[in-house]
Asker: 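Have a look at this one.
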Protein chains: 2
Amino acid sequence: MGLDDRKKVVLQAIVDDYVATCEPVGSKSLIDRHDFTVSSATLRNDMAELEQMGYLEKPHTSAGRIPSDKGYREYVNSLMKVDHLSDEEGREIRSKLGESFDEIATLLKAASATLADQTGYISLAVTPKLTSSYLTQLKMLMIEPGKVLVVVVLSAGVVKNRMVRIPDFLTQEQIAQIGNAVEQGLSGMPLSEISLITVATAAKDNQKVELPDALLNQVLYEAYTAIKQADNLDVYMEGKHRMLSLPEFSDTRRAQGLFDTLSHDGLIAGYVDEVTKEDEKKEYMIRIGQEITLEGLDGCSFITTTYTVGGKVAGNIGVIGPKRMEYSKVISQINFVRMMLDEKLKQ
Amino acid sequence: MGLDDRKKVVLQAIVDDYVATCEPVGSKSLIDRHDFTVSSATLRNDMAELEQMGYLEKPHTSAGRIPSDKGYREYVNSLMKVDHLSDEEGREIRSKLGESFDEIATLLKAASATLADQTGYISLAVTPKLTSSYLTQLKMLMIEPGKVLVVVVLSAGVVKNRMVRIPDFLTQEQIAQIGNAVEQGLSGMPLSEISLITVATAAKDNQKVELPDALLNQVLYEAYTAIKQADNLDVYMEGKHRMLSLPEFSDTRRAQGLFDTLSHDGLIAGYVDEVTKEDEKKEYMIRIGQEITLEGLDGCSFITTTYTVGGKVAGNIGVIGPKRMEYSKVISQINFVRMMLDEKLKQ
DNA sequence: TTTAGCACTCAGAGAGTTAGAGTGCTAAAC
DNA sequence: GTTTAGCACTCTAACTCTCTGAGTGCTAAA
C-alpha cells in the first residue's frame, strides 16, 4: 500500500513544482524541470497510480495534476526536508526581535509582524493560555471618584487592566486596601479556581478597613469581572491583505470568506487551542485544506507551534497560507521565532 | 456658469441611479426610472453639456454616463438632501451604544463597530487628540523588582499604560513616591508643554525621598517616555473586508492597494487630522476620489466628523466607502453616532 | 518493467457575429 | 430658442466557432 521510492520522488517533485508555479504539473514539464532517469510515459503511469491512490487530482481530463490534501499531507509527513534557516533570514529575524520588550503583548505583536514579513503569509500570535497561569498581582487605582482602574498581573507576564465603576464616596485608601486584601488572598491561585466566592473570602480574611457588606460586595464583583476578563486570549494577526495577491484568492468571494472568519479572534484562538491539544507533544502542528474545520479556511494550510513562558507550555504562534505553501521554509521560520520567544520569556 | 434647474435634477438622478446600480446611466433608462416631463433627446443634450462642464464621464463612447469627482462634489454640496435617520435605524444604533462604557477606548470601538454594521462600509474612530488635553494622573506600580507599570490618565479620559524597566533595587514606595511627585507637579499641564525638563523639575520640587540624581533621572526618563507614548492616536477600524463584495473592488489589486494604506494607522490618523483642520467649523468633512491624498484611496470617498469630550473638540469618527456611496444615509448615521458619543462624553 | 507511438480530450485563446444600449446630429415641431 | 422625433453610428458584452497545444491513456514492442 505504501509508495515505492520513485513514486515518492514523483510526488515530491509535483508538490514542489506546483508550489512554485500554481499550475497543474504534466509529465513532460516534470521531466524538463527535474533529472529523471525514466521517460515521461513512465511518469505518466506513476502519476495515474498516484491519482488512483488519492495523492493527486486533475482539474480536468487533459490537464496536469495538482496535489490533493492527502498528497500535501504525505509530502509534509515524510517527503519534505525541513532545512535550516539561511544565515541571512536568521539574522533578519534576530534583528527584528532583538530589542528588549517589557510587555508580553508588545513582544507577541513584534513576533507576529516578523513572521508575516518573513513568510509573506498571514501570521498570528496568541497570548498565553491563562488556565495554566495564576494571579500574581491585583492593584486598584482610583482614577476619579467613582472610577477605578483594576490592574491584573498574571504569572505568564500578562498585564491587563479594566476601568470599573464603584460608588463614588469610596476613597483611594479604601479601594487600595480592598485590592491588597484580594491580592494577598488570591496570589498564586490558578485562574480557573478563582470565583466570586474565593474573591470574597480572600477579601474578608485579609481586609483591615470595615465596610458594609453590600458595598464591599459591589467592589469585589467588579474586581472579579476584571480578573475574569483578563482570561480572554488576545490574537495578533498580521499580513492578511497579502493573500489578495495570490492567484488562489483572485476570486474576491474566497478572500472575503477567509477574512470573515479571520476577523473572529475567538474562533481562531479556539481552533488553535483545539489543534494544540490534538497534536500534543508535537514540535509543530499542521492542518491542511479540509482538515481545517473553520469555514472559509478550507483552501488554506495552517501551521502552529507553542511557545513557553518560564518553561511551561503557554501560547501559540502560527502561519496561515495557501495549501500551496512553502512548508519547509515556513516551518523553519516559525521554529526560529518560537525559539527566540522561548528565550526571551525564559525568565 | 451655474447649472440650470433641470440640469441639477438630471445630475442628481444620475448620481442616484449610479449609486444604486453601479452601471453607467443612459438617457433612456433615466426616463424610465424617473418622472421627467421632457424626452430622452433633451436629456441627451443636457447630459452632453454636463459632460462638457466636467460633471459626468463616459467609460466609452457608446455607454451611459457616470458621475465624475466634480459631479459627486456638486451632488454632495448642493443637490442631495440629508434626510433624518429612520426610527428603526436610530433605535438600532441606540441599542448598540446604549450600555455604559467605562473607558473611552471601549466606547470608540463600539462606535466604530456600529458604524460599520450600519453603513456596510469601512468605519473608523480615532482617540481624542491629545495636544489639546492635559495630564491628570500618573501612577507608577511595581509589578516585580525592576519592572514598573506606568499608568497615564489624560483629561480627555484616555488611560494608557506602559511597562518600563528600572533598576531592580528600587522599592515600591520609592517608585510610588516619584510617581506622585511627578503627578503633583504636572497635573493640569498641557501635554505639549511636558518635556524631560518639566518632568525633572516637577519631581524635584515635590519629592520627599532622597535618591541619587543619576538614579532618579533614569526613572524620570521612563516616566517621560510613557507620557509621550500616551500621545499616540489609536485608530479603531472595522468592516474592511466588506469592500471586497463591491464591484469596484472585484479587482484584487485595487483592494490590496486600499488595504495596504489602511493598515497604516498613523497615515489615516494624520490625514483625518489634516482634513479636520482644513474644514474647521464644518459639521462634517467630505473628501471624494482624487481629493483624497492617500495612495490607494482615490476610488473612495471619506466622510468624517468630530466628537467632543466635555464640550471640547476631541477626536474623529468617519466612514470610508466607494465614491458611489449612499452619502446622505451615511452622513445621517455618522451624525447620529457622533451625537451619541458627545452625549456620553459630556461628563 | 519501461518506453515509443498514437489517438484522443479539453481549456483557453483568438476571430467573427450579433444584439442592444447607448450616443450625436439634423431637421421639424412647439 | 427649446424640444423632440428619427436615424445613422458606435462600441461592449455575449455567443459561437475554430484551432492550438499541453496533457492524457492505452497498446504493443523493447
Side-chain angles (χ1 to χ4, degrees), chain A residues 2-11 13-18 20-68 71 247-248 250-251, chain B residues 2-11 13-18 20-68 71 247-248 250-251:
Chain A
L3 297 172
D4 64 47
D5 282 355
R6 198 183 54 221
K7 285 210 188 64
K8 283 183 186 168
V9 177
V10 172
L11 179 54
I14 290 177
V15 174
D16 283 340
D17 278 15
Y18 186 67
T21 64
C22 194
E23 285 191 352
V25 182
S27 54
K28 248 180 214 152
S29 57
L30 209 51
I31 292 271
D32 289 349
R33 288 163 148 274
H34 299 86
D35 298 326
F36 280 104
T37 54
V38 294
S39 75
S40 68
T42 311
L43 291 189
R44 269 203 294 287
N45 291 334
D46 284 353
M47 287 161 80
E49 279 182 70
L50 281 167
E51 188 185 347
Q52 203 124 48
M53 296 162 99
Y55 294 104
L56 296 177
E57 287 171 354
K58 266 193 295 198
H60 56 265
T61 349
S62 71
R65 306 297 209 295
I66 62 175
S68 65
E248 31 269 271
S250 63
D251 177 3
Chain B
L3 297 173
D4 64 47
D5 282 355
R6 197 183 55 220
K7 286 211 188 60
K8 282 184 186 169
V9 177
V10 172
L11 179 55
I14 291 177
V15 174
D16 283 338
D17 279 14
Y18 186 66
T21 64
C22 194
E23 282 187 358
V25 183
S27 55
K28 247 180 215 152
S29 57
L30 208 52
I31 293 270
D32 289 351
R33 289 163 146 275
H34 300 84
D35 297 327
F36 280 104
T37 54
V38 294
S39 75
S40 67
T42 312
L43 292 189
R44 268 203 294 287
N45 291 335
D46 286 352
M47 286 160 81
E49 278 182 71
L50 281 167
E51 187 185 347
Q52 203 123 49
M53 296 162 99
Y55 295 103
L56 296 178
E57 288 171 354
K58 266 191 297 197
H60 56 264
T61 346
S62 71
R65 305 298 208 296
I66 62 176
S68 66
E248 31 270 271
S250 64
D251 178 3

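A, B, ... follow the sequence lines: proteins, then strands. Residue 1 opens every chain. Side-chain atoms are counted along with the backbone in the values below, which use heavy atoms only and exclude waters and symmetry mates. Given the structure is predicted, the values throughout are model-derived calculations rather than measurements.
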Asker: Please state whether the phosphate of C:dT23, meaning OP1 or OP2, lies under 4.0 angstrom from any side-chain nitrogen or oxygen of B:T61.
Answerer: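 For B:T61, the contact criterion (side-chain N or O under 4.0 Å from OP1 or OP2 of C:dT23) is not met.
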Asker: Give a yes/no on whether any side-chain N or O of B:T42 is located under 4.0 angstrom from OP1 or OP2 of D:dT4.
Answerer: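 B:T42 to D:dT4 OP1/OP2: side-chain N or O found under 4.0 Å.
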Asker: So which one's nearest nucleotide on DNA chain D is more toward 5', B:N45 or A:E51?
Answerer: B:N45
Asker: If the condition is side-chain hydrogen bond (donor to acceptor under 3.5 Å, both in side chains), which residues does B:E57 pass it with, not counting sequence neighbours?
Answerer: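 Checked B:E57 against side-chain hydrogen bond (donor to acceptor under 3.5 Å, both in side chains); zero matches.
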Asker: Are any of B:R65's side-chain N or O atoms less than 4.0 Å away from OP1 or OP2 of C:dG24?
Answerer: yes
Asker: Looking at the side chain of B:S62, which of C:dC6, D:dC11, C:dT23 is the nearest nucleotide?
Answerer: D:dC11
Asker: Would you write out the dot-bracket form of DNA chain D, 5' to 3', with Watson-Crick and G-U pairs under 3.5 Å, [ ] for crossing pairs, | for pairs to other strands and . for unpaired bases?
Answerer: ||||||||||||||||||||||||||||||
Asker: With a 3.5 Å distance limit and no angle check, can you tell me whether A:S27 reaches the backbone of A:L43 through a side-chain donor-acceptor pair?
Answerer: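 Between the backbone of A:L43 and the side chain of A:S27 there is no qualifying donor-acceptor contact (under 3.5 Å).
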Asker: Does A:K58 place a side-chain N or O at less than 4.0 Å from the phosphate oxygens OP1/OP2 of D:dG25?
Answerer: yes
Asker: In this structure, how many angstroms lie between the C1' atom of D:dT24 and the CG atom of A:L50, rounded?
Answerer: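 The distance from CG of A:L50 to C1' of D:dT24 comes to 15 Å, rounded to the nearest Å.
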Asker: Taking the side chain of A:A41 as heavy atoms from C-beta outward, which of D:dT3, C:dC6, C:dT3 is closest to it?
Answerer: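 The listed nucleotide nearest to A:A41's side chain is C:dT3.
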Asker: Rounding to an integer number of Å, can you tell me how far B:L43 CG sits from C:dG24 P?
Answerer: 12 Å
Asker: side-chain contact (heavy atoms from CB on, under 4.5 Å) between B:H34 and B:V9: does it pass, once the steps are laid out?
Answerer: CA-CA 10 Å; B:H34 300 84; B:V9 177; over 6 Å; no
Asker: Can you measure B:I66 atom CD1 to D:dT12 atom P for me and round it to whole angstrom units?
Answerer: 14 Å
Asker: Quick check: closest heavy atoms across B:P67 and B:V15, and the distance to 0.1 Å?
Answerer: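 Scanning both residues completely, I find the closest heavy atoms to be CG-CG2, 3.8 Å.
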Asker: Indicate the atoms forming the closest heavy-atom contact of A:Y18 with A:V25, along with that distance.
Answerer: N-CG2, 3.9 Å
Asker: Output the rounded distance in Å from CG (A:D5) to P (C:dT1).
Answerer: 14 Å
Asker: For the residue pair A:D16 and A:R33, establish whether any side-chain heavy-atom pair is separated by less than 4.5 Å.
Answerer: no
Asker: Pull out every residue in residues 20-34 of chain B that has a heavy atom closer than 4.0 Å to any atom of DNA chain D, ordered by number, or say none.
Answerer: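 Here the set is empty: none.
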Asker: So which nucleotide from D:dG25, C:dT23, D:dT4 ends up closest to the side chain of B:M47?
Answerer: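 Nucleotide nearest to B:M47's side chain: C:dT23.
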Asker: Whole angstrom is fine here: how far is it from NE2 in B:H60 over to P in C:dG20?
Answerer: 16 Å
Asker: Provide, to the nearest angstrom, the distance between the CZ atom belonging to B:R44 and the C1' atom belonging to D:dC7.
Answerer: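 It works out to 10 Å between those atoms.
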Asker: Between A:I14 and A:M47, does a side-chain contact (heavy atoms from CB on, under 4.5 Å) hold up when you go through it step by step?
Answerer: CA-CA 9 Å; A:I14 290 177; A:M47 287 161 80; 4.0 Å; yes
Asker: Under 4.5 Å between any side-chain heavy atoms of A:R65 and A:L50, yes or no?
Answerer: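 When only atoms from C-beta onward are counted, A:L50 and A:R65 do not touch, as no gap falls below 4.5 Å.
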Asker: For B:L56 and C:dG24, what is the distance between atoms CG and P respectively, to the nearest whole Å?
Answerer: 11 Å
Asker: Please check the phosphate of C:dT1 (OP1 and OP2 only) for any side-chain N or O of A:R6 closer than 4.0 Å.
Answerer: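 So the side chain of A:R6 is outside the cut-off, no N or O lying under 4.0 Å from OP1 or OP2 of C:dT1.
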Asker: Is any side-chain heavy atom of A:R6 closer than 4.5 Å to a side-chain heavy atom of A:T42?
Answerer: yes
Asker: CD of B:Q52 versus P of C:dG24: gap in Å, rounded?
Answerer: 10 Å
Asker: Would a 4.5 Å heavy-atom cut-off, applied to side chains only, mark A:L11 and A:L56 as touching?
Answerer: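 Sidechains of A:L56 and A:L11: in contact.
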Asker: Choosing from D:dT4, C:dC10, D:dT10, which nucleotide comes nearest the side chain of B:V38?
Answerer: D:dT4
